[in-house]
Amino acid sequence: MTVSGPNARGVFITFEGGEGTGKSTQVRLLVERLNALGLQASATREPGGSEGAERIRGLLLDPDHPRFGATAEALLFYAARADHLATLIRPALARGEWIVCDRFSDSTRAYQGALGRLPAATVATLEGLVVGDSGPDLTILLDLPAEIGLARAAARRGAAAGDGFEREPSAFHAALRKAYLDIAAAEPARFAVIDAQGDVDAVAAAVFAAVRSRLHQRLAVSA
Ligand code: T5A
């Protein structure tokens with residue numbers, strides 16, 4: 001079911017966190033749960049999610065290419081995000097649907113901003129230009145010690161090469177965790193920080209509890 005009437009904008013939920021924190025797994029489980037409630041919900045991801053943005057993803061995550069610098073990365077991630085918003089996210093929200101996205105603008109704040117040392121004002125300018133008032137209603141931060149997330153990502157990857165982000169040293173990933181916690185602390189009304197160390201079902205239960213507590217009015221209106 002979708003929402004109708006003058007306040008028909010759908011609901012936009014994003015998942016954030018370091019490598020291997022379980023974002024893709026939890027995005028899928030949340031969408032399944034929302035669909036089971038009769039809601040029109042779908043999963044998407046960044047970088048990517050639309051045809052043009054998936055092409056840019058190929059450039060950014062090419063394991064045979066070293067990382068671009070923070071400025072070039074921010075521009076590429078934002079070019080991908082502009083296409084994703086224009087062709088998938090905004091139209092779905094305008095239809096009153098729920099969109100659950102694996103990474104979004106907080107990834108640029110954390111990776112290219114805090115870790116890449118791109119000035120916060122520059123990142124904010126790009127965000128204002130591209131995202132505007134289409135930002136998430138709720139952001140779930142899956143928080144996990146970096147070494148656990150990296151071990152999970154490596155186990156899943158097997159013999160395949162990691163991308164340039166996964167090959168960053170462990171100090172990078174530890175700093176990334178702190179950067180995300182700082183970003184979340186600055187916007188407590190939008191963020192729910194979830195301990196991602198439990199098993200998949202325990203984390204999924206915590207995620208749904210956060211969705212219910214933060215978005216209960218939208219769940220009630222839509223269902
Ligand atoms: N990036 C992205 C930027 O720098 N700036 C930006 O603006 C954006 C949008 C994207 C890279 O791009 C960077 C960040 C990233 O480095 P990606 O390939 O999309 O790269 O990688 P990630 O988003 O990091 O996603 P991963 O696939 O590495 O990890 P997930 O999605 O967090 O984890 P998931 O669900 O795939 O799980 C990993 C493994 O752990 C298991 C799963 O089964 C899987 O095998 N698992 C668990 N195991 C035990 N307990 C649990 N609770 C588990 N949950 C999942």
Side-chain angles (χ1 to χ4, degrees), residues 14-32 43-50 53-54 56-63 65-85 89 100-118 122-124 126-127 130-131 135-136 139-158 160-169 172-173 175-177 179-180 183 194-208:
T14 58
F15 278 73
E16 295 282 357
E19 315 291 317
T21 48
K23 299 176 297 299
S24 313
T25 304
Q26 295 301 329
V27 163
R28 178 176 53 77
L29 292 173
L30 178 59
V31 166
E32 284 174 11
T44 188
R45 70 172 182 181
E46 290 211 346
S50 60
E54 288 291 333
I56 299 171
R57 178 185 175 92
L59 290 174
L60 282 160
L61 302 186
D62 181 350
H65 191 282
R67 283 188 61 184
F68 295 91
T71 303
E73 281 180 1
L75 293 170
L76 286 166
F77 280 116
Y78 262 104
R81 187 161 299 137
D83 189 72
H84 190 203
L85 278 160
I89 296 174
V100 184
C101 190
D102 186 345
R103 295 194 180 282
F104 194 65
S105 48
D106 297 301
S107 287
T108 316
R109 291 190 193 182
Y111 283 78
Q112 284 69 48
L115 273 291
R117 307 241 166 104
L118 204 60
T122 304
V123 178
L126 289 171
E127 195 173 311
V130 174
V131 178
T139 298
I140 307 276
L141 173 59
L142 295 182
D143 179 54
L144 193 62
E147 60 276 14
I148 300 178
L150 288 170
R152 286 183 188 171
R156 185 206 43 207
R157 193 169 64 240
D163 60 47
F165 296 89
E166 289 169 339
R167 290 199 296 263
E168 291 285 358
F172 173 96
H173 295 283
L176 181 68
R177 182 187 187 196
Y180 264 124
I183 291 167
I194 305 267
D195 180 352
Q197 292 188 71
D199 64 24
V200 170
D201 290 344
V203 178
V207 166
F208 194 70

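For ligands, and for the atoms within them, numbers begin at 1 and follow the listed sequence. Heavy-atom basis, side chains included; hydrogens, waters and symmetry copies ignored. Source: prediction; values computed, not measured.
The shortest contact between atom 46 (N) of ligand 1 and any protein heavy atom is with R152 CD, 4.1 Å. The single protein non-hydrogen atom nearest to atom 4 (O) of ligand 1 is Q112 NE2, 2.9 Å, given as residue, atom name and distance. Nearest to atom 16 (O) of ligand 1 among the protein's heavy atoms is E19 OE2, 2.7 Å. Counting protein heavy atoms only, atom 55 (C) of ligand 1 is closest to T25 OG1, 3.5 Å. Looking at atom 3 (C) of ligand 1, its nearest protein heavy atom turns out to be F77 CZ, 3.1 Å. Protein heavy atom closest to atom 38 (C) of ligand 1, with residue, atom name and distance, is R156 NH1, 3.7 Å. The protein heavy-atom contact nearest to atom 25 (O) of ligand 1 is K23 NZ, 3.8 Å. In terms of protein heavy-atom proximity, atom 9 (C) of ligand 1 is nearest to R81 NH2, 3.5 Å.
Here the closest non-hydrogen pair linking L118 and V123 is CD2-CG2, 4.0 Å. Closest heavy-atom contact between T139 and P136: OG1-CG, 3.5 Å. The two atoms that bring Q112 and F77 nearest to each other are NE2-CE1, 3.4 Å, heavy atoms only. Nearest heavy atom pair, residue A175 against residue L115, reads CB-CD1, 3.8 Å.
Contacts between R57 and ligand 1 below 4.0 angstrom, taking non-hydrogen atoms only, involve the side chain exclusively.
Side-chain atoms of Q26 and I140, non-hydrogen and from C-beta on, never get closer than 4.5 Å to each other. Side chains of L126 and R81 form no contact here, defined as non-hydrogen atoms less than 4.5 Å apart. The shortest side-chain heavy-atom distance between P145 and Q197 falls under the 4.5 Å cut-off.
Remark: ligand 1 and G198 share an N or O pair separated by less than 3.5 Å (distance only, no angle test).
Ligand 1 is approached by G20 to a heavy-atom distance shorter than 4.0 Å. Using a non-hydrogen distance threshold of 4.0 Å, R45 does not register as a contact of ligand 1. Put simply, no part of A202 is less than 4.0 Å from ligand 1, judged by heavy atoms.
With sequence neighbours left out, the ring-ring contact (aromatic ring centres under 6.0 Å, His included) criterion links F165 to Y111. Listed by chain and number, the residues in a side-chain hydrogen bond (donor to acceptor under 3.5 Å, both in side chains) with R157 are E166 (sequence neighbours excluded).
Shown in contact with T21 at under 4.0 Å from a heavy atom are these atoms of ligand 1, numbered in order with element: 32 (O). Under a 4.0 Å criterion applied to the non-hydrogen atoms of L61, ligand 1 contributes the atoms 10 (C), 11 (C), 12 (O), 18 (O), 20 (O).
Relative to atom 23 (O) of ligand 1, the option among R157, E46, R103, Q26 with the closest non-hydrogen atom is R103.
The existence of a salt bridge linking E147 and R177 is excluded, since no basic side-chain nitrogen approaches an acidic carboxylate oxygen closer than 4.0 Å.
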